[in-house]
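Computation of the quantities below employed the complete heavy-atom set of this structure, encompassing side-chain atoms and omitting hydrogens, waters and symmetry-equivalent molecules.
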Amino acid sequence: MNDPTEQLARFLTRAEMLLERIEPLLPPASPAPDWNSAVAFRWRKRGKAGFLQAINRPSTIRLEDLHDIDEQKTRIDINTRQFICAQPANNVLLTGTRGSGKSSLIKALLNEYAPKGLRVIEVEKGELIDLPDIVELVEGRPERFIIFCDDLSFDAGDATFKALKVVLDGSMSSAPDNVLIYATSNRRHLMPEYFEENLESKRVGDEIHPGEAVEEKISLSERFGLWLSFYPFDQEAYLNIVAHWLKSFGCSAREIAGAERDALNWALLRGSRSGRVAWQFAKDWAGTHAPARVKRGI
């Protein structure tokens with residue numbers, strides 16, 4: 001009978017040879033994030049492994065660029081300052097009309113507080129299943145991290161729905177103090193709502209109790225401590241935003257006043273008076289009229 005020590009040695013030799021053959025087929029190790037290279041990062045996947053990719057050219061929008069959402073801006077700014085100062089702060093859900101400044105507000109907060117240690121990690125909805133890995137990666141670091149989920153919505157049975165619930169407030173272990181989640185959505189409860197679900201509601205005494213399907217949908221949005229709602233802009237607010245952006249492009253007060261009719265027609269064609277539409281019009285109008293301004297020496 002062979003010596004057990006000799007058998008073990010042969011086994012280890014064969015295992016080492018096998019590993020040498022397999023190693024070239026394995027995906028490369030995920031690069032460690034360079035925390036000093038950027039203030040914003042994006043979660044990426046390489047095969048099944050995820051890693052943080054630095055965003056080298058983040059948006060330059062500032063808080064003062066965002067007009068006619070003063071209440072929402074004040075409330076999220078206070079919450080973010082509490083977070084930066086290591087004080088209690090809430091996860092935030094921003095919901096409402098498209099193009100109203102939800103995403104821009106989070107980008108502006110990064111520009112405001114990056115010098116004080118704020119960092120943003122952008123995570124696409126399909127990658128939310130990796131949230132526990134992301135949280136583990138940043139836990140214990142001195143920076144304060146906002147995990148940013150843009151345009152968030154879920155379908156029934158979506159696995160990422162449960163992953164987000166766990167990170168927000170559904171696990172035995174609490175989220176680290178240096179992590180918050182800021183999410184934007186066009187849906188208040190993040191999932192589609194159907195008429196037949198309302199039929200599940202029951203009357204108990206003078207109270208109405210929603211059915212299980214509705215309760216499940218509400219359970220996620222309720223895990224966000226701060227809700228901010230955004231609404232369509234009226235004509236005056238829309239023109240104020242147009243004027244701000246035209247001024248930033250170097251347009252004179254006379255030009256801005258003369259562009260109002262074009263701005264309203266632009267919004268009419270787009271079917272929306274949103275901040276995004278105002279920004280798009282201002283870029284188009286300022287670019288189209290730039291040669292004339294240069295020719296007149298303006």
Side-chain angles (χ1 to χ4, degrees), residues 33 38-45 50-55 58-59 61 66 69 72-73 75-77 79-80 83 89-111 113-114 118-139 143-171 174-193 216-230 276:
V39 296
F41 300 85
R42 183 176 290 114
W43 183 253
R44 293 295 196 191
K45 297 296 286 287
F51 64 97
L52 289 176
Q53 179 186 64
I55 299 176
S59 170
I61 195 166
L66 301 173
I69 53 171
Q72 297 92 328
K73 184 163 57 173
R75 294 182 67 190
I76 197 172
D77 183 55
N79 190 75
T80 305
F83 179 54
N90 277 306
N91 299 302
V92 184
L93 178 61
L94 304 88
T95 64
T97 186
R98 65 188 188 277
S100 55
K102 301 186 295 294
S103 303
S104 296
L105 188 49
I106 297 173
K107 298 170 187 175
L109 288 169
L110 173 62
N111 290 322
Y113 294 112
L118 183 65
R119 301 293 182 264
V120 169
I121 299 174
E122 185 177 5
V123 181
E124 295 182 7
K125 194 206 81 169
E127 312 299 343
L128 289 177
I129 197 73
D130 296 327
L131 275 179
D133 296 331
I134 300 171
V135 169
E136 183 178 348
L137 188 62
V138 303
E139 184 174 6
E143 302 89 353
R144 315 293 287 179
F145 292 91
I146 288 176
I147 297 178
F148 173 38
C149 308
D150 193 23
D151 198 18
L152 196 59
S153 64
F154 299 96
D155 296 321
D158 197 325
T160 55
F161 178 85
K162 292 185 178 180
L164 181 56
K165 283 178 65 175
V166 168
V167 171
L168 284 169
D169 188 22
S171 172
S174 60
D177 293 337
N178 67 333
V179 175
L180 283 182
I181 295 178
Y182 283 14
T184 71
S185 178
N186 294 330
R187 293 171 173 165
R188 183 66 176 269
H189 295 309
L190 304 175
M191 295 185 73
E193 299 180 26
E216 172 71 4
K217 294 178 178 182
I218 295 175
S219 67
L220 177 59
S221 58
E222 281 191 341
R223 281 171 164 79
F224 290 90
L226 181 60
W227 287 2
L228 298 177
S229 299
F230 292 71
R276 181 182 297 128

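Closest non-hydrogen pair, L137 versus W43, comes out as CD2-CZ3, 4.2 Å. A pairwise comparison of heavy atoms in D177 and F83 identifies O-CE1, 3.4 Å as the closest pair. Closest approach of S59 and N111 over heavy atoms only: O-ND2, 2.9 Å. In this structure, A114 and V39 approach most closely via the heavy-atom pair CB-CG1, 4.0 Å. Looking at every heavy atom in both residues, K73 comes nearest to L105 through CG-CD1, 3.9 Å. The two residues S100 and F230 come nearest to each other via the heavy atoms OG-CB, 3.2 Å.
Atoms CH2 and CG, from W227 and L93 in turn, are 7.5 Å apart once rounded to the nearest 0.5 Å. With rounding to the nearest 0.5 Å, the separation of CD in E127 from CD1 in I134 is 8.0 Å. Between F41 atom CZ and L52 atom CG the span is 7.0 Å, to the nearest 0.5 Å. Considering OG of S104 and CG of L94, their distance stands at 11.0 Å, rounded to 0.5 Å. In this structure, the separation between CG on L66 and CD1 on I61 is 4.5 Å, given to the nearest 0.5 Å. A distance of 7.0 Å separates CD1 in I146 from CD1 in I76, rounded to the nearest 0.5 Å.
With respect to Y182, the side chain to side chain donor-acceptor pair (under 3.5 Å) criterion is satisfied by exactly one of T80, N90, N91: T80. Between K102 and the options T95, T184, L228, a side chain to side chain contact (heavy atoms under 4.5 Å, CB included) holds for only T184.
Atom CD of E124 sits in a sparse spot, with 12 or fewer heavy atoms from other residues, nucleotides or ligands closer than 6.0 Å.
For D133, the salt bridge (Lys or Arg N to Asp or Glu O under 4.0 Å) test picks out no residue, with sequence neighbours left out. Residues passing the side-chain hydrogen bond (donor to acceptor under 3.5 Å, both in side chains) test with D151: none are found, sequence neighbours excluded. Remark: R42 pairs with E122 by the salt bridge (Lys or Arg N to Asp or Glu O under 4.0 Å) rule, at least two apart or across chains.
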